[in-house]
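This report refers to the structure that appears directly beneath it.
Everything numeric here is computed off the predicted structure, so don't read it as measured data. Letters A, B, ... mirror the listed sequences (proteins, then strands); counts begin at 1.
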Amino acid sequence: MIEHLPILIPLTLLMGALLTPLAGALRRSFAYPAALVSILAACGLSFLGLHQVLVRGTMRYHLGGWVPPIGIEYVLDPLASFMTVVILTVGALVFVHSRDVVQNELPEKMVPFFSVSLLLLTGFCGIVLTGDLFNLYVFLEISSLAAYALIAVGEKPSPVAAFRYLLVGTIGASFFLLGLGFLYMITGSLNIADVADILPSVVSEPPVVVGLVLIVTGLAIKMALFPMHGWLPDAYTYAPSAGSALIAPIGTKIGAYVLIRILFYLFDPNYSRLQLPLTSIVIWLSIAGILFGSIMAMAQKELKRMLAYSSVAQIGYIGLGIGLANPLGLVGAVLHTLNHAFMKGGLFLVVGNLRTRLGHSTIPLFDQTLRKAMPWTMASYSLMALSMVGIPPTAGFFSKWYLVLAAIEDSNWTAVGMILLSSLLTAVYFFRVLERVYVRNSSSTGESGEGMNPRETMPSDVESMEVNASMLVPTLVIGGGLVVLGLLNTVIVTEVLMRVIPPGL
Amino acid sequence: MIHWGLEVVLLVLLLSTAIIALKVKDLLAAVVTLGVFSFLSALVFVAMGAVDVGFTEAVVGAGVTTVLFVIALYHTTRRSND
Amino acid sequence: MAELYTSYIPFFAVAISLLAVPFILLSSRKRNLREFWTIIASLGKFGLVLSLLPDALAHRVAQVELLQISPGIGLALRADPLGVFFALIASGLWVFTSFYSIGYMRGLAEHKQTRYFASFAVCLSATMGIAFSANILTFLTFYEMLTLATYPLVIHKETPEAISAGRKYLLYTLSAGVLLIGATAWTYNVAGSLDFRAGGLLNDVSLPAGTATGLFILFLCGVGVKAAIMPLHSWLPTAMAAPTPVSALLHAVAVVKAGVFGVMRVVGFVFGPNVMIAFGLNDLLGILAGLTIVVASLLALREDNLKRRLAYSTVGHLSYIVLGAALLSPSGFTGGLMHIATHATMKITLFFCAGAIYVNVHKENISELDGIGKAMPWTMGAFTVGAIGLAGVPPVNGFVSKWFLGAGTLESGNVGALLILLVSGLLNAGYFFPIIHKAFFKNSTRFEKYGEASKLMVLPLVATAILSVLFGLWPNLFLRLYDLSTSIAMSVLGGTAR
Amino acid sequence: MVEYIANYSAYWLIFLLTITGLYGMLVKKNLVKKLIGMTIFQTSVIMFFVASASKWNATIPVVDPNIGSAATSLYINPLPHTLMLTAIVVGVATIGLAFALLMKIYHQYHTLDEPQLLERMR
Amino acid sequence: MIRQSTSPIIVLIGRLVSPFIQVFGLYVIFHGHYGPGGGFQGGAILAASLLLIRLCLDSETAQLQFRQALGTPVGILGSLAFAGIGLMTLLLGGEFLDYAFLPFGGMKPAEIRAMGILLVELGIGVAVMATLVAIFDDLIGLEDHG
């Protein structure tokens with residue numbers, strides 16, 4: 001059965017997506033376990049896949065026994081297996097977390113929600129695993145459609161956000177498809193490995209260049225690279241908590257993943273870097289995005305919106321790593337994909353916790369009672385915030401570390417400065433929340449600092465409002481996991497990411 | 001070298017329907033024009049040798065999508081400012 | 001060359017107070033038990049560090065690599081003489097601070113004492129980590145940890161003033177941390193290694209002048225914020241909003257000392273004397289330090305708030321240490337190192353005194369202290385010892401370090417530095433003696449009804465004052481700090497012309 | 001130059017179609033108009049693929065007894081066609097979802113005009 | 001929302017044409033692996049015929065033909081047929097969707113493949129038909145509880 005892993009992972013999710021509504025039709029309470037089982041199974045399979053790839057090397061799977069370039073191929077290589085593990089681990093944690101959240105926010109739509117979520121993950125895994133460009137497009141659209149649907153069931157303005165995302169996403173996907181058309185015109189193949197073989201001989205043909213530019217533009221839209229990020233803040237803000245916890249950590253990273261595939265695997269890395277100024281454009285856009293996202297995040301009053309803008313900035317980091325186009329940059333980008341997936345996922349889980357208990361996540365309304373009421377949630381939030389800022393033993397530091405190293409190697413001092421500066425900006429907008437939670441006295445007892453009895457300011461009668469275990473455990477797992485990931489990052493880098501670097505880089 | 005004959009004529013027609021569909025202020029008229037557009041594009045597909053794409057477009061684009069468009073309009077509004 | 005051996009003692013020395021944190025948090029309702037954990041941890045930590053001393057003196061260096069945190073770079077701890085030196089001072093003074101804090105916190109019935117003691121323990125862990133770091137990345141990790149653990153202490157009072165002080169503190173220190181990250185990455189890019197090495201990690205690397213200067217400025221900004229070198233010092237007086245034991249910790253034990261310790265590491269173990277001299281970096285550092293000494297002393301003269309005056313005094317004295325490093329002569333380096341220890345004991349005494357006064361009579365301004373010496377003779381006696389020590393009067397230990405610093409200036413032929421030392425000695429006297437004068441020789445009936453502060457506070461401050469005198473008489477007493485510092489100075493400067 | 005344009009006239013027209021579609025999506029204020037633009041845009045992309053596959057003097061990709069199955073060069077490459085079928089499916093799914101969103105939006109804000117919509121969202 | 005049309009011509013034409021469209025749809029599905037056509041096109045044609053009835057006739061009649069509640073489940077079942085057959089080939093030792101491994105006794109490999117493709121096409125056709133009708137029904141029905 002091992003050799004079927006590349007197809008089994010998306011297939012498990014697809015079957016889950018299809019069986020969940022059937023189970024739900026049978027009895028509503030069956031739906032959630034069905035969804036959970038399938039994602040846990042897929043998650044287990046993805047870890048098995050990673051293990052197999054590390055032991056035996058890349059696995060190629062030919063659909064229906066048709067050998068590429070005629071048939072469709074699924075490839076489980078180090079990068080792909082790493083990405084599936086990231087996607088499905090975050091997905092599984094969010095699924096565990098979201099039972100109560102969904103019950104609370106979308107009681108009517110529980111069954112479709114989980115079904116569509118599984119479809120979303122099917123799409124993501126399909127994108128990661130497929131070795132066929134058109135197949136990739138199809139999965140890109142499957143995941144996007146699922147994402148539109150998930151976003152649209154959120155707050156009141158969510159359909160508008162989803163509609164905009166739909167329009168922009170369709171433009172992006174169509175650009176991607178158009179680019180594929182140009183490549184296909186010249187190479188006559190859609191298999192990534194096959195096209196990569198053919199490309200060097202035809203690389204100077206205009207259609208190839210046009211195709212590459214179109215593809216990169218399309219992907220930039222999908223990954224919300226500045227200035228194509230317009231759809232993102234609204235979409236993430238208005239989506240239901242569970243939905244944004246699922247889409248925000250992974251959605252844009254998938255675009256980045258495809259960009260890595262295209263620039264470094266499909267094309268020769270040196271071509272992407274030297275012949276066309278594409279990578280330097282990506283670098284500058286990323287830098288602008290980091291700055292813009294950070295500054296906008298500082299101005300937000302709503303926690304979710306702040307996180308959304310922070311995503312714009314963080315995508316800049318990944319884009320920067322890709323754009324620098326050296327091994328360290330790639331390692332940094334892929335590692336940041338992992339770290340940011342965990343951090344953002346965790347942060348949105350915290351938002352879910354807050355919304356479940358408080359009914360809002362508006363920063364100016366936070367005060368000290370929150371710390372008493374939800375100590376564990378806030379503790380995880382603190383860890384995640386530290387990781388976002390990039391304080392050393394946490395995971396967030398290390399991806400920045402590699403990125404800074406890569407930027408220095410490239411002598412791109414603007415990028416170095418921007419990474420460092422944005423750490424500070426990130427600190428500003430995360431500590432703003434922490435300060436409210438840990439320091440700010442609840443508004444009534446007032447500001448009169450001196451002379452008041454300190455004991456009165458501490459609302460000792462605040463009853464605990466901590467969320468229940470199914471929500472708390474994933475939050476804590478991610479919070480603690482960030483430290484573990486940080487300490488173990490060498491293992492990840494040497495064992496997995498070093499094998500990710502394509503030969504030409 | 002490819003010599004286009006019929007296709008070019010059809011494409012020009014297609015382009016004009018597309019522009020009309022975007023220009024007309026009455027959304028129902030626009031949608032019906034879009035149906036014509038889809039049907040013409042089905043013809044283009046057939047002319048280019050893609051028979052199956054052609055009749056899929058005829059069924060889906062000109063048929064189902066137009067019906068869905070009309071229903072959507074029925075439920076919302078026909079009026080448009082641009 | 002020093003002999004390396006693997007030992008987990010440095011790790012335990014770092015971890016012990018961290019391990020105490022959960023216990024402190026868990027026993028938040030039982031005060032005595034909670035304080036018991038703090039005391040145990042502080043004593044245990046001091047004992048562990050002390051056990052490393054003989055090996056450090058015998059040039060046997062304990063080291064342990066916990067795990068790789070980046071390919072080729074481990075989270076490694078190494079108890080080299082410099083590390084042991086700093087760890088001894090910090091852990092030793094933590095013992096005093098612990099006792100004193102208990103008295104202070106209870107005396108004022110402060111809120112959130114659990115958080116206070118827990119943060120304090122974390123702070124000390126971070127300080128030990130800084131002391132024992134074997135490479136820049138480990139140093140950086142603990143440095144950031146120290147920043148964050150100090151933040152709750154700075155904002156402890158939670159008044160708007162304290163909160164804004166906390167913000168300022170975070171802004172300065174986090175920016176510094178970020179610059180340090182940049183500097184670290186650049187060093188790694190240039191040298192391919194991050195291990196601290198006596199004589200300079202960059203010693204064997206051929207550097208373009210721009211790179212060397214740029215790197216040095218980055219490093220200087222990185223560690224200079226905590227070391228309060230002049231343009232970067234302004235967070236320190238503001239942070240006086242914190243409770244007094246915290247100020248003591250900030251100023252005497254952990255935070256600023258971590259900064260100057262960082263300067264020592266950077267000068268002696270990253271750049272090394274050869275590189276420093278080759279690019280004139282020592283002059284840059286020396287000029288900055290000299291300016292800081294003079295300006296800070298002048299600013300201290302103006303301050304009426306006792307703690308703020310002490311804060312500016314700290315700013316000045318930290319730069320003595322930096323100046324000692326910048327001189328790059330054996331005596332100067334030794335003097336700088338000694339000043340870490342001597343300033344720590346003296347300044348902690350002074351802060352303890354300020355805190356005791358505040359707890360007892362709730363006065364913070366110098367102009368209100370007329371005649372307090374009669375009410376609190378022990379406290380003010382200790383204060384006097386600390387003050388004259390900082391002014392450089394024998395037999396208090398401040399004299400010893402200043403003596404070596406002065407010798408260092410002569411060794412390197414730097415007359416300007418000598419002049420600065422002399423002037424600042426006078427200025428020191430200028431801002432301390434009025435306090436003593438007011439306390440003992442001005443008559444006021446204001447404090448008649450007050451007696452001494454509680455024993456838990458008076459005993460530690462008297463003890464540190466006595467220590468200051470003892471170290472002044474016998475610099476090599478107990479901890480053999482003198483031997484340690486000379487051996488460090490030799491290992492760093494052994495390979496240079498001077 | 002003229003010949004060049006003439007040779008690729010179909011591509012140019014398809015390109016114009018793409019631009020028209022994009023124009024509709026980006027410039028038009030009405031959401032239905034945007035969807036119309038999207039349909040045009042998607043159709044043009046599909047058409048581009050089909051045009052790139054078509055060959056002069058070749059027949060549709062159905063086995064013709066007169067030609068047989070050996071002379072593959074006489075058939076149009078069917079692969080892009082099948083791909084485009086999938087693309088059409090995707091397009092329909094997108095449009096279907098878009099309609100659902102459209103009606104939800106109208107139900108909540110009673111307008112399909114984007115400026116008005118943004119005004120009412122505040 | 002769709003009321004029965006008052007025009008007998010529309011009713012008559014709708015009723016008359018719909019079965020022919022359905023037959024054609026089935027033809028397209030079954031003919032898919034020989035010539036132009038296949039599951040998707042056939043499914044779309046079938047859906048078109050159902051939509052025609054839904055547009056021309058009153059909703060009761062239309063519901064008789066294909067119940068609204070069936071849309072989603074049938075769509076899922078259709079997709080499951082595709083995924084299930086793939087899974088079955090995988091379990092029987094072949095690659096995913098390697099039809100040659102399907103357990104049809106007494107047939108040549110080529111015939112088994114044809115059979116497998118047919119089954120999958122059928123599944124896709126049903127799925128497409130049901131999904132398109134479901135989209136239509138949802139759009140229609142939105143007003144009722146809105």
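No donor-acceptor pair closer than 3.5 Å links the side chain of D:K33 to the backbone N or O of B:S80.
Contact annotation for B:V60: only side-chain heavy atoms (C-beta onward) come within less than 4.5 Å of a heavy atom of chain D. With a 4.5 Å cut-off on non-hydrogen atoms, D:V92 touches chain B through its side chain but not through its backbone. Using a 4.5 Å cut-off between heavy atoms, D:L31 makes no contact with chain B at all. Both the backbone and the side chain of B:L68 come within contact range of chain D, each with at least one heavy atom under 4.5 Å from a heavy atom of that chain. Of the atoms belonging to D:I95, it is side-chain heavy atoms, and not backbone ones, that fall under 4.5 Å from chain B. Both the backbone and the side chain of D:I46 come within less than 4.5 Å of a heavy atom in chain B. For B:V24, the part lying near chain D is the backbone, with the side chain staying farther off; criterion is any non-hydrogen pair under 4.5 Å. Within the 4.5 angstrom heavy-atom criterion, no atom of B:L10 approaches chain D.
Against chain B, the residues from residues 109-120 of chain D that qualify, each with a non-hydrogen atom under 4.5 angstrom away, are D:L112, D:D113, D:Q116 in number order.
Rounded to the nearest 0.5 Å, atoms CE (D:M84) and CG (B:D52) are 11.5 Å apart. Distance check, rounded to the nearest 0.5 Å: OG1 of B:T65 to CZ of D:F99 gives 7.0 Å. The distance from atom CG of D:L13 to atom CG of B:L14, rounded to the nearest 0.5 Å, is 9.0 Å. Taking CZ of B:F45 as the reference point, atom CD1 of D:I88 lies at 5.5 Å (rounded to 0.5 Å). One finds the NZ atom of B:K23 at 12.5 Å from the CD1 atom of D:I36 (value rounded to the nearest 0.5 Å).
Most heavy-atom pairs under 4.5 Å with chain D: of the set B:L15, B:T56, B:T33, B:V44, this distinction falls to B:L15. Each of D:T20, D:V32, D:L17 has some count of heavy-atom pairs under 4.5 Å with chain B, and the biggest count is that of D:L17.
Contact annotation: the side chain of B:L22 approaches that of D:I40 to within less than 4.5 Å [non-hydrogen atoms, C-beta and beyond]. With contacts defined as side-chain heavy-atom distances shorter than 4.5 Å, the pair D:M47/B:L11 qualifies.
By the side-chain hydrogen bond (donor to acceptor under 3.5 Å, both in side chains) test, B:R79 is found to be paired with no residue, residues two or more places apart in sequence or in another chain being considered.
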inquiry  = Quick one, B:V53 with D:F49, criterion side chain to side chain contact (heavy atoms under 4.5 Å, CB included). Give me CA distance, side-chain angles, the key distance, then yes/no.
reply    = CA-CA 11 Å; B:V53 183; D:F49 261 83; over 6 Å; no

